[in-house]
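Any value given below was found using the heavy atoms of this structure, including those in side chains, with hydrogens, waters and symmetry copies removed. So you know, we letter chains A, B, ... as the sequences are listed, proteins then strands, and number each from 1.
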2 protein chains.
Amino acid sequence: MHGDEKRHVPAATVPRLTLYLRKLRELHAHGVARVSSKDLAAMIDLNPAQIRKDFSYFGEFGTRGVGYEVPRLIAEITRSLGLDRTWNAVIVGAGLLGTALARYRGFADQGFRLVGVFDSSPGVIGASYGSGRVRAIDEFEAFCAQERVDIALVTVPAAEAQTTVDRIAAAGVRAVLDFAPVRVSVPAGVIVRQVDLSSELMILAYSLADDGAGGDVS
Amino acid sequence: MHGDEKRHVPAATVPRLTLYLRKLRELHAHGVARVSSKDLAAMIDLNPAQIRKDFSYFGEFGTRGVGYEVPRLIAEITRSLGLDRTWNAVIVGAGLLGTALARYRGFADQGFRLVGVFDSSPGVIGASYGSGRVRAIDEFEAFCAQERVDIALVTVPAAEAQTTVDRIAAAGVRAVLDFAPVRVSVPAGVIVRQVDLSSELMILAYSLADDGAGGDVS
DNA sequence: AGCTGTGAAACATTTCACAGCT
DNA sequence: AGCTGTGAAATGTTTCACAGCT
């Protein structure tokens with residue numbers, strides 16, 4: 001209230017900030033200069049108070065009676081999310097999904113830089129993926145010692161996920177996005193998020209089976 | 001309490017059921033016949049009461065003093081999630097991600113059957129993706145009239161996501177898994193879930209930037 | 001008059017703690 | 001003695017409602 005005291009940010013707020021940022025960039029691209037929480041809420045289908053409260057955990061970005069300046073708000077959320085810098089990412093596992101992600105431009109748009117792709121299979125090592133070549137996983141530790149790696153995207157088969165993540169954590173990488181359909185455990189200080197296709201399909205199945213409709217599980 | 005009255009299932013319970021199911025199948029494959037909520041909780045890193053309460057929304061599956069029979073529990077959760085039948089899925093958008101998903105076996109393992117892949121680009125239509133060929137999106141409505149389609153996985157570019165989903169919903173498909181980084185709106189009765197890579201990366205960036213570690217946002 | 005920022009109320013979810021069965 | 005099933009308490013999140021600024 002009186003300075004830069006660190007407020008406690010609810011876990012549910014952070015994913016919403018990414019939605020706000022995306023919509024605000026879109027508004028900015030369309031030349032919109034100002035927006036109110038009411039307007040933004042209508043666009044994202046949320047309660048306006050939710051939006052104001054989410055912002056309030058990071059500061060006071062608006063003007064009473066007026067609303068929020070779009071560029072200012074973009075800058076503040078960008079900073080709040082830690083996107084005012086570049087994060088280096090690697091992909092471990094150059095299978096179908098791994099190579100699809102490696103070729104996906106739109107990484108860089110958001111301040112994420114793909115600095116390497118690794119695999120253990122000799123048949124894949126050396127293959128080209130757009131801007132580089134797949135490296136052997138055995139080079140991973142040496143690579144990390146040379147180049148800072150902030151985030152690892154893990155796209156190895158389920159059976160290899162845990163040992164892969166162990167290795168990644170041991171090499172000092174502190175954030176993992178796991179696409180394998182297994183929960184992995186990590187030492188304290190390492191964050192894992194999981195993107196789980198079969199889980200998502202099952203949740204949809206539940207909603208379909210449960211009732212004719214609106215069984216929303218989001 | 002006295003029959004098959006439909007209890008209200010919290011939205012947060014359903015994703016956890018998929019985790020239980022996966023772990024139970026693993027236990028079953030390893031020949032484990034019984035498990036207690038305490039043991040299962042330790043494996044998934046959850047509170048035992050959470051697990052018991054999640055189950056309780058669907059019935060009483062355990063035996064006091066003993067625990068849960070693994071096969072029985074698998075059967076009950078499978079049924080509760082609506083996985084005691086086959087669900088037909090299509091992929092719309094045969095780009096990098098779409099084709100990677102199309103080739104991904106492990107769909108069928110879970111009772112999901114990929115019955116078609118669609119795209120609008122002449123360069124891609126007719127291309128083979130393992131068990132079939134990419135169809136023209138213009139055939140989509142006719143296809144849906146012929147074959148039941150329960151779930152559509154949308155892997156088109158962001159700019160086309162909304163019109164694609166409109167078309168899918170109009171064709172009578174009631175569940176969508178959207179991989180495009182835009183929130184789409186749908187008529188009532190249609191369920192959308194979003195898998196959002198850049199949002200996930202931003203959430204990881206927040207956790208990394210925020211503090212040295214444990215800034216868990218899951 | 002209009003919109004933000006925020007305590008307080010309403011609602012949802014998780015965890016505790018224990019009665020009740022085996 | 002051990003473990004489930006579940007009310008009740010604790011915790012977390014969303015929404016309301018309004019004071020305070022422009």
If pairing means Watson-Crick or G-U wobble with both distances under 3.5 Å, then the partner of dA9(C) is dT14(D)
Could you tell me the separation between the CZ atom of Phe61(A) and the P atom of dT4(C), rounded to a whole number of Å?
14 Å
Can you measure Lys38(B) atom NZ to dG2(D) atom C1' for me and round it to whole angstrom units?
10 Å
Whole-Å distance, Glu60(A) CD to dT4(C) C1', equals 8 Å
Can you give the donor-acceptor pairs under 3.5 Å from side chains of residues 25-32 of chain B to other protein atoms, not counting sequence neighbours?
residue  : atom : partner   : partner atom : Å
Arg25(B) : NH1  : Gln110(B) : OE1          : 2.6
His30(B) : ND1  : Glu26(B)  : O            : 2.8

In whole Å, what is the span from the CZ atom of Phe55(A) to the P atom of dG5(C)?
9 Å
Side chain Glu69(A), main chain Gly62(A), donor-acceptor under 3.5 Å
no
When the nearest nucleotide of DNA chain C is assigned to Gly65(A) and to Ser56(A) on a heavy-atom basis, which residue is associated with the more 5' position?
Gly65(A)
Are OP1 or OP2 of dT4(D) and a side-chain N or O of Ser37(B) less than 4.0 angstrom apart?
yes
Readout for nucleotides 10-17 of chain D: B = base within 4.0 Å of protein heavy atom, S = sugar-phosphate only, - = neither; 5' to 3' it is ---SSBBB
Taking the inter-plane angle between the rings of Phe140(B) and Phe118(B) on a 0 to 90° scale, is it parallel (under 30°), tilted (30 to 60°) or perpendicular (over 60°)?
perpendicular
Side-chain heavy atoms of Arg174(A) within contact of Ser207(B), under 4.5 Å:
no
Arg34(B) CZ to dT22(C) C1', straight-line distance once rounded to whole Å:
11 Å
Nucleotide opposite dT4(C) in a Watson-Crick or G-U pair, distances under 3.5 Å
dA19(D)
What I'd like to find out is whether the side chain of Ile203(B) reaches to under 4.5 Å of the side chain of Tyr206(B), using heavy atoms alone.
no
Distance check: side-chain N/O of Tyr68(B) vs OP1/OP2 of dG5(D), anything under 4.0 Å?
yes
So for atom CZ, which belongs to Arg34(B), do other residues, nucleotides or ligands contribute more than 12 heavy atoms lying within a distance under 6.0 Å?
no
What is the separation between atom CZ on Phe58(B) and atom P on dT4(D), rounded to the nearest whole Å?
18 Å
Value in whole Å for how far the P atom of dC3(C) lies from CZ of Arg64(A):
14 Å
Euclidean distance, atom CG of residue Leu73(A) to atom C1' of dC3(C) [Å, nearest integer]:
14 Å
Salt bridge (charged side-chain N to carboxylate O under 4.0 Å, His left out) filter on Arg79(A), not counting sequence neighbours, yields Glu76(A)
